[in-house]
Each structure stands twice: as structure tokens, then as C-alpha cells.
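The structure appears right after this line, and notes come after that.
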Amino acid sequence: MTKNVGDLDRMVRLGLGAILLALLFLMDGPLHWIGLTGFVFLATAAVTWCPVYAILGVRTCPDDRQSA
């Protein structure tokens, strides 16, 4: 896989993923399940590859860091 998630994007994904996962414990009712989407953000940050970016042809990392 070719990396398409840069450092700043990765940090934002880590923060957003953590916040969304916290919703599982902080909210009541059916809306707290939205927090499960935090796993997606954490996973894409961990592997530095986003399938949506790949489909759209978006890359937030520099050219010299794109190889895995």
C-alpha cells in the first residue's frame, strides 16, 4: 500500500478517533454508537493509508514518504 496520510492528518485522525471512542462511554442512548467510527480513524492513522483518499486520489503526505 502506498501511504496517503501525512503527519498532520495522522495526528488529527488520532485525536478525532480518541474523542469519538470516548462517546461510547460518555453518552447515553443510541447515539453513543457513533463512537465506534473512532476505530476507523485510529486504524487509518495507524497504517497511514485511507481507502477513501485512495479512491479520490488525495494524498496528504509528501512524495518522498509515500512508499511503505
Side-chain angles (χ1 to χ4, degrees):
M1 278 185 292
T2 302
K3 291 182 180 182
N4 61 7
V5 175
D7 290 337
L8 178 62
D9 192 3
R10 188 177 185 192
M11 293 300 128
V12 170
R13 288 171 184 267
L14 286 171
L16 187 58
I19 290 168
L20 286 170
L21 281 178
L23 291 178
L24 283 171
F25 304 104
L26 299 176
M27 292 184 64
D28 289 330
L31 286 179
H32 84 282
W33 293 110
I34 292 172
L36 288 176
T37 59
F39 284 117
V40 175
F41 288 101
L42 292 175
T44 56
V47 297
T48 64
W49 183 76
C50 176
V52 175
Y53 279 10
I55 291 169
L56 297 176
V58 175
R59 196 173 70 241
T60 60
C61 63
D63 287 336
D64 61 340
R65 293 185 56 208
Q66 64 179 323
S67 61

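Just so you know, residue 1 is the first one in the sequence shown, and it goes up from there.
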Open item on the list: Starting from Trp33 and following side-chain heavy-atom contacts under 4.5 Å between hydrophobic residues (I, L, V, M, F, W, Y), which residues can be reached?
Closed with: Met11, Leu14, Leu21, Leu24, Phe25, Leu36, Phe39, Leu42

- [ ] For Thr44 and Phe41, indicate whether the former's side chain and the latter's backbone hold a donor-acceptor pair under 3.5 Å.
- [x] yes

TODO: Among Ile, Leu, Val, Met, Phe, Trp and Tyr joined by side-chain contacts under 4.5 Å, find the other residues sharing a cluster with Ile19 and list them by chain and number.
DONE: none

TODO: For the residue pair Asp9 and Tyr53, establish whether any side-chain heavy-atom pair is separated by less than 4.5 Å.
DONE: yes

Task: Shortest non-hydrogen contact between Arg13 and Val5, atoms and distance - done: NE-CG1, 3.9 Å

- [ ] Might you point out which heavy atoms bring Met27 and His32 nearest each other, and give the distance in Å?
- [x] O-CB, 3.4 Å

Task: Euclidean distance, Leu23 CG relative to Thr37 OG1, rounded to 0.5 Å - done: 8.0 Å

Task: Heavy-atom closest pair, residues Arg10 and Ala46 - done: NH2-O, 3.9 Å

Task: Shortest non-hydrogen contact from Trp49 toward Ala54 - done: CZ2-CB, 3.8 Å

Open item on the list: Testing the basics here: between Lys3 and Arg59, what is the closest heavy-atom pair and its distance to 0.1 Å?
Closed with: O-CD, 3.6 Å

Task: ILVMFWY network linking Val52 to Val40, side-chain heavy atoms under 4.5 angstrom - done: no

